[in-house]
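Okay, so here's the structure we're looking at.
The first residue in the sequence is number 1, and the count goes up from there. We use all heavy atoms of the structure for the numbers below, so side chains are in, but hydrogens, waters and symmetry mates are not.
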Amino acid sequence: MKKKKMMVLAVVATLGLGVLPPAANAVSNRDIEQKRSEINALRSKRSGVEEKISESQKNIKALQSQQKQVANDIEKLNSAIEETSGKIRKVSTDIDETERAIDKLQQEIAEIQERIEKRNEILKARIRSLQESGGAISYLEVLLGAQSFSDFIDRMSAVTTIMEADQQIIREQEADKALKEKKETELTQKRNKLQADLQELKQLQAKLDAQLEQKNRLMSDLKQKEEEEHHHKMELEEEKELIAKQEAVVKQQLAELERQKRAEEEAAKQRARTYTAPKSSPSTSSSSSSTSKSGGETPSGGSTPPVSSGAFTRPANGPITSGFGYRFGGSDFHPAVDIGKRAPVVPVVAAADGVVFRSYYSSSYGNVIFVSHVINGQVYTTVYAHLEARLAGEGQRVSKGQVIGYMGNTGHSTGPHLHFELHRGSWNVGKTNAVDPRSYIAF
């Protein structure tokens with residue numbers, strides 16, 4: 001009897017071990033809560049990115065408003081420059097006319113000078129005549145030498161005529177000298193004023209040209225900033241989409257964990273019923289609590305790297321052509337390793353088990369695949385960029401070593417290679433979670 005009882009206990013124990021899932025595959029409440037926390041974290045992160053997108057859009061509108069104001073300033077400056085140029089042309093024309101008037105005046109002055117010189121000759125002749133006469137003859141002697149009253153009148157009339165002629169010559173001489181000086185002064189002053197106005201206008205034009213150049217530089221700077229802000233916004237929108245994809249993947253993982261949890265609870269209930277009703281035969285089928293790995297077929301024309309032990313395996317064959325970290329003298333941070341293409345066709349494999357949450361063509365990455373992994377409770381993200389072709393679509397589960405694409409030269413690429421990123425956590429535009437893949441994979 002005792003022997004039979006021991007046998008029953010052994011059978012029950014054996015049945016119990018048969019229906020219990022392995023401890024490593026058991027789903028705990030902690031696993032489920034962790035996934036929910038990941039979802040909340042991703043939602044919070046997506047909300048933060050949306051705020052940044054909204055802020056970026058405000059910056060773009062502000063830059064566009066500034067450009068509009070600068071454009072108005074440029075239009076005003078162009079009008080002022082055009083008006084100043086017109087004034088410069090007018091003053092230049094006035095100066096030309098003044099110069100022609102000066103040329104004409106110089107001819108008149110030459111004529112006046114000629115008249116002055118002729119009068120000077122007449123006056124000199126008068127003086128020489130007096131000198132030749134020894135200076136003894138004077139107008140008074142001429143009058144006193146009259147022989148009769150009639151002769152006196154005649155002499156007086158002659159003297160008066162000569163005196164008036166001499167005085168007229170002197171008056172004309174003085175008038176011509178004054179006229180010459182006046183015209184010279186007037187035209188000189190006019191020319192000087194016009195030249196001063198011209199110089200002032202040219203200085204104004206130079207000032208306006210400098211302001212216009214400054215405004216044009218400002219406009220160029222604002223356009224550059226707007227372009228950069230558009231690019232930043234595009235990156236944020238891409239990050240938002242990637243976060244949404246990652247959130248969808250984690251939700252799928254949560255749903256799978258909850259399904260597995262329910263299956264385990266149902267199995268426990270079934271086991272309890274089996275204990276109370278030993279006549280019932282236990283179910284020999286077990287629920288699929290984990291996704292089986294589907295090994296990718298090796299495509300013809302290239303070889304896949306051997307699948308190594310550990311969390312990650314090498315994603316492609318080929319030499320490391322650019323490492324992780326700063327390069328080009330510290331001016332550029334490279335958040336990845338580049339693997340060079342040394343064969344006509346080079347397959348690219350998943351570095352670990354995971355779910356593809358983004359598979360598309362990016363203007364910078366080219367053909368790119370993002371894969372989310374959960375290894376020992378830690379989320380990792382791998383990125384495979386510049387692919388020639390993508391073989392894995394969004395939402396697809398991939399196995400470690402499974403071929404997901406071919407090495408190529410798409411996007412912003414300087415040559416055929418694989419740009420491979422490894423992030424401890426989720427991917428973001430700033431690549432703040434990027435780690436050196438060589439610390440996890442033996443290349």
Side-chain angles (χ1 to χ4, degrees), residues 65-133 135 138-139 157-224:
S65 177
Q66 291 179 50
Q67 288 179 55
K68 185 176 180 181
Q69 180 60 48
V70 172
N72 290 334
D73 293 342
I74 289 174
E75 184 177 356
K76 290 178 181 178
L77 283 170
N78 282 324
S79 297
I81 289 172
E82 183 179 356
E83 181 181 354
T84 303
S85 297
K87 289 179 179 179
I88 288 174
R89 288 192 298 272
K90 184 178 184 304
V91 172
S92 297
T93 301
D94 291 343
I95 289 176
D96 291 340
E97 290 176 355
T98 302
E99 293 293 342
R100 287 194 293 272
I102 288 174
D103 291 340
K104 183 178 179 181
L105 174 63
Q106 287 175 345
Q107 294 177 0
E108 293 176 358
I109 289 173
E111 293 174 0
I112 293 171
Q113 185 65 35
E114 185 178 354
R115 290 201 301 271
I116 290 172
E117 290 176 356
K118 287 181 178 179
R119 292 193 193 98
N120 284 336
E121 291 298 327
I122 293 172
L123 292 173
K124 287 178 182 179
R126 296 283 296 167
I127 293 171
R128 282 196 301 270
S129 176
L130 289 173
Q131 290 176 344
E132 289 174 356
S133 63
S138 64
Y139 294 130
S157 177
V159 168
T160 300
T161 301
I162 293 171
M163 290 179 66
E164 287 178 356
D166 290 344
Q167 289 176 0
Q168 181 64 27
I169 292 172
I170 293 171
R171 284 195 297 272
E172 290 177 356
Q173 189 80 334
E174 294 299 327
D176 281 347
K177 287 181 179 180
L179 177 61
K180 173 187 174 185
E181 183 176 349
K182 180 183 177 181
K183 288 190 175 183
E184 284 179 340
T185 301
E186 287 179 355
L187 288 176
T188 300
Q189 289 177 348
K190 184 177 181 181
R191 179 170 60 180
N192 291 341
K193 184 179 183 306
L194 288 173
Q195 288 177 343
D197 291 344
L198 180 62
Q199 185 65 25
E200 184 179 346
L201 288 171
K202 286 183 177 180
Q203 289 176 354
L204 175 60
Q205 186 180 44
K207 182 179 178 181
L208 292 172
D209 287 340
Q211 291 178 356
L212 181 61
E213 183 180 357
Q214 183 181 9
K215 292 293 183 181
N216 284 330
R217 284 198 303 267
L218 177 58
M219 177 66 81
S220 178
D221 184 55
L222 289 172
K223 287 182 178 179
Q224 178 66 25

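More than 12 heavy-atom neighbours from other residues, nucleotides or ligands sit within 6.0 angstrom of CD on Gln224. The number of heavy atoms from other shown groups lying within 6.0 Å of CD (Glu200) does not exceed 12. When the shell of 6.0 Å around CD of Gln195 is examined, it contains more than 12 heavy atoms from other residues, nucleotides or ligands.
Listed by chain and number, the residues in a side-chain contact (heavy atoms from CB on, under 4.5 Å) with Lys190 are Thr98, Leu194 (sequence neighbours excluded). Looking at residues two or more places apart in sequence or on another chain, you find a side-chain hydrogen bond (donor to acceptor under 3.5 Å, both in side chains) between Gln205 and Ser85. The side-chain contact (heavy atoms from CB on, under 4.5 Å) check on Thr93 picks up Glu97, with sequence neighbours excluded.
Here the CD-CD1 distance, from Gln199 to Ile88, works out to 10.0 Å after rounding to the nearest 0.5 Å. For the atom pair CD of Gln211 and CD1 of Ile74, the computed distance is 12.0 Å after rounding to the nearest 0.5 Å. Summarising the geometry, atom CD belonging to Glu213 is positioned 12.5 Å from atom CG belonging to Leu218; distances are rounded to the nearest 0.5 Å. Here the NZ atom belonging to Lys104 is positioned 8.5 Å from the CD atom belonging to Gln107, to the nearest 0.5 angstrom. With rounding to the nearest 0.5 angstrom, the CD atom of Gln189 is 8.0 Å from the CG atom of Asn192. Rounding to the nearest 0.5 angstrom, the gap separating the CG atom in Leu222 from the CD atom in Gln69 is 11.0 Å.
Side-chain contact check for Glu186 versus Lys182: some heavy-atom pair is nearer than 4.5 Å.
Salt-bridge formation is detected for the pair Lys90/Asp94: a Lys NZ or Arg NE/NH1/NH2 atom is positioned less than 4.0 Å from an Asp or Glu carboxylate oxygen. Here Asp197 pairs with Lys193 in a salt bridge; the nearest charged N to carboxylate O distance falls below 4.0 Å.
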Quiz item: Run the side chain to side chain contact (heavy atoms under 4.5 Å, CB included) check on Leu208 and Leu212 step by step: do they pass?
Solution: CA-CA 6 Å; Leu208 292 172; Leu212 181 61; over 6 Å; no

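For the pair Thr84 (side chain) and Ala80 (backbone), a donor-acceptor distance under 3.5 Å is present. With Asp221 contributing its side chain and Arg217 its backbone, the two residues share no donor-acceptor pair below 3.5 Å.
What you find for Lys215 and Leu77 is that their closest heavy atoms are CG-CD1, 3.6 Å. Smallest separation of non-hydrogen atoms from Met219 and Gln67: CE-O, 3.1 Å.
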